[in-house]
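Before any comments, here is the structure.
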There are 2 protein chains.
Amino acid sequence: MGVSLKDVAQRAGVSVKTVSNVVNDYPHVTPAMRARVQQAIDELGYRPNLTARHLRKGRTGIIALAVPELGNPYFAELASAVIDAAARHHYTVLLDHTAGMREKEMLVCQGFQTHVIDGLILSPIELENQDLHGRTDTSPLVLLGEREYDAPYDHIAIDNVAAARSAVRHLIAIGRQRIAFLGARAESARQPAHLRLRGWREELSAAGLPHDDSLVAPTDGYGRADGAQAMATLLDRGVRPDAVFAYNDLQAIGAMRVLGERGLRVPQDVAVVGFDDIEESRFGAITLTTVAPDKQAIARQAVNCVISRLTDSAEAEPRRLRPGHDLVVRESTLGRHQ
Amino acid sequence: MGVSLKDVAQRAGVSVKTVSNVVNDYPHVTPAMRARVQQAIDELGYRPNLTARHLRKGRTGIIALAVPELGNPYFAELASAVIDAAARHHYTVLLDHTAGMREKEMLVCQGFQTHVIDGLILSPIELENQDLHGRTDTSPLVLLGEREYDAPYDHIAIDNVAAARSAVRHLIAIGRQRIAFLGARAESARQPAHLRLRGWREELSAAGLPHDDSLVAPTDGYGRADGAQAMATLLDRGVRPDAVFAYNDLQAIGAMRVLGERGLRVPQDVAVVGFDDIEESRFGAITLTTVAPDKQAIARQAVNCVISRLTDSAEAEPRRLRPGHDLVVRESTLGRHQ
DNA sequence: TTGAAAGCGCTAACAA
DNA sequence: TTGTTAGCGCTTTCAA
């Protein structure tokens, strides 16, 4: 094994406690003693064994983040922000992905890596209420995203309905009337996209436009290919929208690809709005108008929630936080030269 | 604290060892005993404390992966593959990013989270040879990517020179003569892109074409904006290539955006080839021809390297593995209808 | 200000 | 087949 506290103590001719004091910057250590111990530490190349420390303290300083898919830039960017936010509090992040599968989501929230993670931030897709109620693990759990649960856990999500409405409002403002919604979930009993779909419906109603269900295109997944396929299906059915509001940027990008293949111009023939504001949306041949959730805020709030549950003795009520969002208008609705 | 082995033992009226045996599926336990212990476990809701197990065993089953930037889809996709590869061996991945900063890279490879990570997979950018030689941490380290070091560590990278040459060869084969290289590093003494740049040079020479240094455009970073800026700079200087080979897909995508803004058609006026084969490259208005490294193989080999160093007693020679790569030809060189 | 000793929860050697 | 016991390396009372 490696060098332990005891080895250092022996070398310096002091007790283990003294070495521990030095390592932990305990204030009441004479400079001379500190120097002597430090020398022994350096000579031996001592590194504290954090596993032992964790066992003793009952805390590891590691929090887990579970997202559906790291290949989705939204989650990659979010993960990046969470890692940074956690680092600012001296926490480390253990990252996992669930592929949006209920099984995996349950596994993760049931406390994988027992006692090695202090808390969990989970962005669920298929998880059900009952799965959450069955949770026995006692470490803090923070939920992220559009799904709503009535379980006593902190939940962080932007106002999806309002955000979706702002997107649709923008499309109406530029004169669009037949606005398709891409990305309703095809075969899921629950509807993960329900809030954005509701926003679409509400804003159309508010504008006195019908919400024609033939304009709602289901998808199986949340990727570019799913958006492309949904768009193609819609067009193949003879539906001809003058705008598309997609569940997320990836689907919007897939849809734009298909529109291009079919000779339809964006935005002249069909305007497109996405959701997430991933960096990719700022650099395509046609940049994408999109709803931009404040990812930094989401990450920060999520980490803060976990840490405050860990730190504050008071078991407060579950919190419901709403980070901000913005509509970022780009070429896919306004065209290149505006 | 939570429920411990001792509590379960007490409840079941047996010794801790017996409970431990049951928890660890030790074979020589009578079914009756197993049932009795299992019942106590269930009643108490016992979950083993992995931290304690880790301390005792000297292993945690956690390996760290440090990449420059999770916002770069190549690394996000790679991380995803590593997490899966690790999971297949019952390892968990702790993900960190270095922002390509030498300081952070040094910190990471100097053994952050001492004794809580069993090994490290690092994709360095600025790290220097001497940093590696100064490494005192004894846990296995596996290096990823283009940078070359003469330090005794496993290194996994595709044949960057050959891959770059295949890209340039393709451009020459479709009749291009003035092929720019995007993404040489501007102010770095070391040249992280040196192998791909060398491939560019070698293939041009082999074809009897001059390698005009005015066709080499430096960038500061590795993102879309950097590619866009480099392309713009090139065009502003009056340089007019008929093809661009970019260090990576992101830069290629940024370059294509600028070409479009300037009214240059891809591929008719300027053909573009990238490197990485990120998913984004398959869905743009103009899909991107690119070098596709075998990410699955890279991930698999990296995880295998770490684990075999952990497992096999024999301290073998440092390995140099070369996963495969492919040139994926798409619209940015052949056009839409081919 | 420093030392001695107990114990975090687990595994593994040894005993029974 | 099951029980006893000694640590893994650290922090932390309590005493000196």
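Note on naming: letters A, B, ... go to the chains in the order of the sequence lines (proteins, then strands), and numbering restarts at 1 for each one.
- In this model, no donor atom of one side chain and acceptor atom of the other lie less than 3.5 Å apart for B:H133 and B:D150.
- A salt bridge links B:E148 with B:R320: at least one charged nitrogen is closer than 4.0 Å to a carboxylate oxygen.
- Summary for the helix from C:dT1-D:dA16 to C:dA16-D:dT1: the axes at its two ends, each from 5 pairs, differ by 40° when rounded to the nearest 10 degrees.
- Taking the side chain as every heavy atom from C-beta outward, B:Y91 and B:D118 approach each other to under 4.5 Å.
- A centroid separation of 6.0 Å or more is found between the aromatic rings of B:Y153 and B:H155.
- Rounded to a whole Å, the CG atom of A:L55 is 12 Å from the P atom of C:dT11.
- Checking B:H97 against A:D84 by side-chain atom types alone, a donor-acceptor pair falls below 3.5 Å.
- Atom CG in A:D7 sits about 8 Å away from atom P in D:dG9, given to the nearest Å.
- Taking atom CG of residue B:D118 and atom P of nucleotide D:dC8, one finds them 19 Å apart after rounding to whole Å.
- With respect to the salt-bridge test (charged N to carboxylate O, under 4.0 angstrom), the residues A:E128 and A:R102 do not qualify.
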Give every pair of a protein N or O atom and an N or O atom of nucleotides 10-14 of chain D that lie under 3.5 Å apart, one pair per line with the distance.
residue	atom	partner	partner atom	Å
D:dC10	OP1	A:Y46	OH	2.4
D:dC10	OP1	A:N49	N	3.0
D:dC10	OP2	A:L5	N	2.5
D:dT11	OP1	A:N24	OD1	3.4
D:dT11	OP1	A:N24	ND2	3.4
D:dT11	OP1	A:R53	NE	2.6
D:dT11	OP1	A:R53	NH2	3.3
D:dT11	OP2	A:S20	OG	3.1
D:dT11	OP2	A:N24	ND2	3.4
D:dT11	O2	A:R56	NH1	2.6

For this session: Go through B:D96 and B:K104 one step at a time and tell me if the salt bridge (charged side-chain N to carboxylate O under 4.0 Å, His left out) criterion holds.
Result: CA-CA 10 Å; B:D96 209 347; B:K104 183 68 201 263; 3.4 Å; yes
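- For B:K17 and B:Y26, the positive end sits near the middle of the six-membered ring, less than 6.0 Å away and at most 45° from its axis.
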For this session: List the steps, then state whether side-chain hydrogen bond (donor to acceptor under 3.5 Å, both in side chains) holds for A:R319 with A:S308.
Result: CA-CA 11 Å; A:R319 266 165 295 187; A:S308 75; 2.9 Å; yes
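- Across every non-hydrogen atom of B:R47 and A:T114, the tightest pair is CB-CG2, 3.5 Å.
- Residues from residues 29-44 of chain A placing a heavy atom under 4.0 Å of any atom in DNA chain C, listed by number, are A:V29, A:T30, A:M33.
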